[in-house]
Amino acid sequence: MANVESFDLDHTKVKAPYVRLAGVKKTPKGDSISKYDLRLLQPNTAAIEPAAIHTLEHLLAGYLRDHLPDVVDVSPMGCRTGMYMAVIGAPDEAGVLKAFEAALHDTANHDRPIPGVSELECGNYRDHDLAAARQYAKNALAGGLKVQPTVLIQR
């Protein structure tokens with residue numbers, strides 16, 4: 001089985017909320033695709049409820065694109081402690097941090113219908129919680145976002 005970068009991260013040493021460059025891949029034509037760990041909650045201490053993380057996915061998918069060019073994808077982590085974001089190129093972590101902070105502010109203040117929430121647009125359109133998503137965004141902002149270096153497991 002191929003090695004998965006996140007399985008090498010020492011989840012006991014990182015301190016959420018944070019932004020972390022999780023890796024950079026080169027395409028066959030030499031382009032870079034960067035993956036960022038956008039962590040809202042401390043690993044193994046809490047998890048975002050499914051309806052709230054689904055709403056965070058919908059909101060951050062749009063708001064991150066508003067603040068950072070060339071976003072390819074924003075996806076929830078299976079552990080439900082944050083999101084992964086893929087971006088064309090290699091923006092610096094400070095710039096990603098600024099964009100994530102702005103997107104969380106937008107999410108915390110979102111007072112309109114959640115985008116993409118209909119049977120036509122979403123595979124589980126009934127499973128959303130805007131109030132909880134807004135609160136998770138507020139809590140992450142209050143927690144003091146920072147750039148987190150990668151801390152590898154010492155094997």
Side-chain angles (χ1 to χ4, degrees), residues 1-108 114 116 122-124 127-129 132-155:
M1 178 189 242
N3 185 52
V4 178
E5 178 276 336
S6 65
F7 298 162
D8 290 332
L9 177 69
D10 187 337
H11 287 75
T12 67
K13 298 275 193 309
V14 296
K15 300 295 177 208
Y18 65 75
V19 167
R20 180 182 70 85
L21 177 62
V24 179
K25 297 273 187 182
K26 290 285 188 184
T27 68
K29 293 189 176 186
D31 298 313
S32 295
I33 300 173
S34 300
K35 176 181 157 186
Y36 292 87
D37 171 346
L38 308 176
R39 195 74 62 149
L40 297 165
L41 298 180
Q42 185 62 29
N44 298 307
T45 63
I48 302 168
E49 294 102 16
I53 203 162
H54 190 190
T55 302
L56 283 165
E57 175 192 18
H58 279 236
L59 294 174
L60 290 173
Y63 286 136
L64 280 163
R65 285 173 169 88
D66 288 347
H67 298 287
L68 192 66
D70 300 322
V71 171
V72 174
D73 186 47
V74 178
S75 303
M77 295 176 174
C79 62
R80 301 189 341 256
T81 60
M83 300 283 176
Y84 284 118
M85 179 180 68
V87 180
I88 297 169
D92 69 333
E93 289 167 304
V96 173
L97 177 69
K98 184 178 175 184
F100 187 39
E101 187 172 46
L104 286 172
H105 276 290
D106 293 339
T107 298
I114 303 161
C122 180
N124 194 7
D127 189 29
H128 283 277
D129 188 339
R134 291 179 62 184
Q135 190 61 53
Y136 281 110
K138 289 175 188 175
N139 292 349
L141 290 165
L145 289 168
K146 64 194 153 303
V147 171
Q148 169 70 59
T150 296
V151 182
L152 297 176
I153 296 172
Q154 299 301 309
R155 299 188 196 267

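What you see below is based on every heavy atom in this structure, not just the backbone, and it leaves out hydrogens, waters and symmetry mates.
With hydrogens and angles ignored, the 3.5 Å screen pairs a side-chain donor or acceptor of Ser34 with a backbone N or O of Gly89. In this structure, Lys146 contributes its side chain and Lys15 its backbone to a donor-acceptor pair below 3.5 Å. Distance alone, capped at 3.5 Å, places no donor-acceptor pair between the His11 side chain and the Pro43 backbone. Under the 3.5 Å distance criterion, the side-chain polar atoms of Glu93 are matched with a main-chain donor or acceptor of Leu21. Using a distance-only test at 3.5 Å, with no hydrogens or angles considered, no donor-acceptor pair links the side chain of Gln42 to the main chain of Thr81. Looking at Thr55, its side chain does come within 3.5 Å of a backbone N or O of Asp129 through a donor-acceptor pair.
Across every non-hydrogen atom of Thr107 and Arg134, the tightest pair is O-CG, 3.3 Å. Between Tyr84 and Met77, the shortest heavy-atom distance links the atoms CE1-CG, 3.6 Å. Nearest heavy-atom pair across Ala137 and Ala108 is CB-N, 3.9 Å. Closest heavy-atom contact between Ala86 and Ile33: CB-CG2, 4.4 Å. A pairwise comparison of heavy atoms in Phe100 and Leu38 identifies CZ-CB, 3.6 Å as the closest pair. Residues Leu68 and Pro91 share a closest heavy-atom pair of CD1-CB, 4.5 Å.
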For Met85 and Leu60, run side chain to side chain contact (heavy atoms under 4.5 Å, CB included): C-alpha distance rounded to whole Å, both residues' side-chain angles, the deciding distance at 0.1 Å, then the answer.
CA-CA 10 Å; Met85 179 180 68; Leu60 290 173; over 6 Å; no
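We find that Asp31 and Lys29 are not joined by a salt bridge, their nearest charged nitrogen and carboxylate oxygen being 4.0 Å or further apart.
Counting heavy atoms from C-beta outward, His128 and His58 have side chains that approach closer than 4.5 Å. Taking 4.5 Å as the limit, every side-chain heavy atom of Asp8 sits out of range of all side-chain heavy atoms of Ile153.
Qualifying side chain to side chain donor-acceptor pair (under 3.5 Å) partners for Lys26, counting only residues two or more places apart in sequence or in other chains: Ser32.
Residue Asp37 forms a side chain to side chain contact (heavy atoms under 4.5 Å, CB included) with just one option from Thr150, Val14, Leu9, Val19, and that option is Leu9.
Within 6.0 Å of NZ in Lys98 there are 12 or fewer heavy atoms belonging to other residues, nucleotides or ligands.
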